[in-house]
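The block underneath contains the structure these notes are about, expressed in structure tokens.
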Amino acid sequence: MSLNHVRPWRNIYRRKSRQIMVGDVAVGGDAPIAVQTMTNTLTTDVSATVAQVQAAAEAGADIVRVSVPDEASSKALKEIVRESPVPIVADIHFHYRRGIEAAEAGAACLRINPGNIGDEKRVKEVIKAARDHNCSIRIGVNAGSLEKHLLEKYGEPCPEVMVESGLEHIRILQDNDFHEFKISVKASDVFLSAAAYQGIAEATDAPIHLGITEAGGLVSGTIKSAIGLGNLLWMGIGDTIRVSLSADPVEEVKVGYEILKSLGLRHRGVNIISCPSCARQGFDVIKTVEALEQRLEHIKTPMSLSIIGCVVNGPGEALMTDVGFTGGGAGSGMVYLAGKASHKMSNDQMIDHIVEEVEKKAAELDAAQEAAE
Ligand code: SF4
């Protein structure tokens, strides 16, 4: 339960954006911030792509993007959409035909820049296909592929040129009376991204898709994204996010959720609070947390668990968590339930026991949630 009314320093005031639909997922307005990822299989390899989409959805992805570079991929997209448990965004670059094919194949959204797909007739055809098939559009401005005329005007990628590029694409959609769009202004540089996003957030009420592009590998990309996206989200900017990592899409989803969880913007699964451990630990904190992370992956109910090595911080952390364990002496520790010391448990049975306690608590919380609905 949020206690932000008594902890105002935790409040984040989200920018008010228009709401659009990406398939059955609402994006913008007061909708939860959606977590996205992108497949990295060959789109023509339908079974591999569907498996990746399903794994990402299982990890919590609300929306998944798939590249559509050629006609064969458009054909494969139809099957992928049919098998996918979540809405699919088709990633299109330059080819207006791919845009039309993707809309016809059932994509929930096209990631396409209308200014880059040719003359007005082509633009109109893509917009018509999107409209006819209930398909929204994401304008995806990227510092690495800005329009030549704008780069000549500004000299180099900068926040202003990214905002201007975004507004040019927006104008094309609006001139065609198409308003079901969201926008991103990504750069691999955190400062450039953050400034461009702040600029576009002021210039439009369109929902904003956040991302730091080409962020890097699992560790460096996670840190870069946490800083870039974290700061923007903290400012209230962002309606959907994608963490770009040179890693499995499932990792992108996990990192995306962790960023949202850290800011209290979305909750899913068990939020484990654990100490780094030191010579005072009453059990092996690091190994225990590793094991629990795996054993509790199936829990989707938002809840908290503290795993703390000793009484220095254990009882204090346990006060604020649903389930807690604090190391003690003589090979056992204390289990806390709803913040209160409940019973002792030996270290060698503790992992199985904590899993049981968490499952029990999750079932209780689910039942309470159902009763409240
Ligand atoms: S809670 Fe205890 S075991 Fe954990 S880091 Fe602090 S002093 Fe060390």
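Bear in mind that the values here come from a model prediction, so they are computed numbers and not experimental data. Counting starts at 1 for both ligands and their atoms, in listed order.
Numbered from 1 in the order shown, with element, the atoms of ligand 1 that lie under 4.0 Å from a heavy atom of Gly309 read 3 (S), 4 (Fe). Each of the following atoms of ligand 1 lies closer than 4.0 Å to a heavy atom of Gln281: 3 (S).
Atom NZ of Lys344 sits in a sparse spot, with 12 or fewer heavy atoms from other residues, nucleotides or ligands closer than 6.0 Å.
The protein non-hydrogen atom at the shortest distance from atom 1 (S) of ligand 1 is Ile308 CG2, 3.5 Å. With hydrogens left out, the protein atom closest to atom 4 (Fe) of ligand 1 is Cys275 SG, 2.4 Å, a heavy atom. For atom 8 (Fe) of ligand 1, the nearest non-hydrogen atom of the protein is Cys278 SG, 2.3 Å. Looking at atom 6 (Fe) of ligand 1, its nearest protein heavy atom turns out to be Asn313 ND2, 3.8 Å.
Counting only heavy atoms from C-beta outward, the side chains of Asp177 and His179 approach each other to under 4.5 Å. Between His343 and His353 the shortest side-chain heavy-atom distance falls below 4.5 Å. Residues Leu305 and Asn271 fail the side-chain proximity criterion, which asks for heavy atoms closer than 4.5 Å. In this structure, Ile139 and Leu173 have side chains that are in contact, with non-hydrogen atoms separated by less than 4.5 Å.
Ion pairing between a basic and an acidic side chain is recognised when a charged N comes within 4.0 Å of a carboxylate O; Lys360 and Glu357 show such pairing.
In summary, Cys310 places no N/O/S atom under 2.8 Å from atom 4 (Fe) of ligand 1, failing the contact criterion.
Under 4.0 angstrom from ligand 1, the non-hydrogen atoms of Ser277 all belong to its backbone.
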